[in-house]
Peer 1: 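My questions will all concern the structure given below.
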Amino acid sequence: MSCGEPHETDCSEVLDHLYEYLDREMPDGDRTKFEQHFDECAPCLEKYGLEQAVKKLVKRCCGHDDVPTDLRSKVMGRIELIRSGQAVPEQPVVDPAAGRAASPVRARDDAGESAV
């Protein structure tokens with residue numbers, strides 16, 4: 001996503017680090033750059049607002065559960081692999097007869113063994 005206008009901080013950088021901004025996990029200098037970008041870029045500001053609303057909804061609905069640190073690390077690691085193109089997100093397989101998602105299909109190697 002980009003508004004097509006040049007910015008000091010590129011839209012892709014802002015979107016790649018949006019959750020760090022939302023979670024206040026970045027240095028103040030970077031936060032200031034992001035705030036300036038949001039002032040200049042309506043599409044990124046809209047994305048920020050949407051992600052902020054989702055975060056508030058999740059907190060309201062699930063905010064009482066503590067997330068284990070290792071789970072957060074695993075999820076963030078998986079997100080980084082997907083963003084870098086080293087992994088593909090798993091897609092649920094829809095069973096048309098049942099009209100619902102079935103278990104994810106696992107990749108198999110040439111010998112028919114599970115590769116995952």
Side-chain angles (χ1 to χ4, degrees):
M1 169 193 328
S2 175
C3 64
E5 299 293 325
H7 300 285
E8 181 179 330
T9 306
D10 190 61
C11 294
S12 62
E13 180 183 350
V14 170
L15 297 176
D16 284 347
H17 299 282
L18 186 56
Y19 276 95
E20 292 172 51
Y21 177 84
L22 284 167
D23 295 338
R24 300 187 182 281
E25 296 178 344
M26 64 173 33
D28 289 340
D30 290 340
R31 288 189 59 78
T32 302
K33 288 188 338 186
F34 277 42
E35 289 164 1
Q36 180 181 359
H37 184 92
F38 293 135
D39 287 342
E40 300 170 351
C41 183
C44 287
L45 179 61
E46 183 178 340
K47 179 71 173 167
Y48 162 73
L50 174 64
E51 296 300 331
Q52 185 179 43
V54 168
K55 187 172 171 60
K56 285 180 182 179
L57 178 64
V58 169
K59 183 176 182 178
R60 188 177 75 218
C61 295
C62 308
H64 305 291
D65 300 330
D66 290 329
V67 177
T69 304
D70 62 324
L71 175 60
R72 184 180 193 287
S73 297
K74 288 178 186 178
V75 169
M76 294 306 292
R78 180 73 176 163
I79 289 170
E80 289 304 317
L81 285 174
I82 291 168
R83 282 185 178 160
S84 69
Q86 296 177 27
V88 177
E90 290 184 25
Q91 299 292 324
V93 178
V94 177
D95 180 355
R100 58 185 165 78
S103 299
V105 175
R106 301 223 180 252
R108 301 233 178 245
D109 64 13
D110 292 335
E113 298 293 323
S114 179
V116 178

Peer 1: Would you find more than 12 non-hydrogen atoms of other residues, nucleotides or ligands less than 6.0 Å from D28 atom CG?
Peer 2: no
Peer 1: Is there side-chain contact between C41 and C11, with heavy atoms separated by less than 4.5 Å?
Peer 2: yes
Peer 1: If you define the side chain from C-beta out and look only at heavy atoms, does anything of V14 sit under 4.5 Å from Y48?
Peer 2: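 Answer no - side chains too far apart.
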Peer 1: Out of L22, L18, L57, which one pairs with Q52 under the side chain to side chain contact (heavy atoms under 4.5 Å, CB included) rule?
Peer 2: L22
Peer 1: Can you tell me how far the CZ atom of R78 sits from the CZ atom of R83, to the nearest 0.5 Å?
Peer 2: 13.5 Å
Peer 1: Mind checking ring pair (Phe, Tyr, Trp, His ring centres under 6.0 Å) for F34 and listing every partner two or more places apart, or none if nothing turns up?
Peer 2: Y21
Peer 1: Between the side chains of K47 and E51, is the shortest nitrogen-to-carboxylate-oxygen separation below 4.0 Å, so that they form an ion pair?
Peer 2: yes
Peer 1: Step by step, would you call E13 with H37 a side-chain contact (heavy atoms from CB on, under 4.5 Å)?
Peer 2: CA-CA 10 Å; E13 180 183 350; H37 184 92; over 6 Å; no
Peer 1: State the CZ-NE2 distance between R31 and H17, to the nearest 0.5 angstrom.
Peer 2: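 Interatomic distance, R31 CZ to H17 NE2, rounded to 0.5 Å: 14.0 Å.
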Peer 1: Using a 6.0 Å cut-off, check whether atom CZ of R24 has over 12 heavy atoms from anything other than its own residue.
Peer 2: no
Peer 1: When clusters are formed by joining ILVMFWY residues with side-chain heavy atoms under 4.5 Å apart, either directly or through shared neighbours, do L81 and V75 land in the same one?
Peer 2: no
Peer 1: What closest approach, in Å, do D23 and R72 show between heavy atoms, and which atom pair accounts for it?
Peer 2: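 Minimum heavy-atom separation between D23 and R72: OD2-NH2, 3.8 Å.
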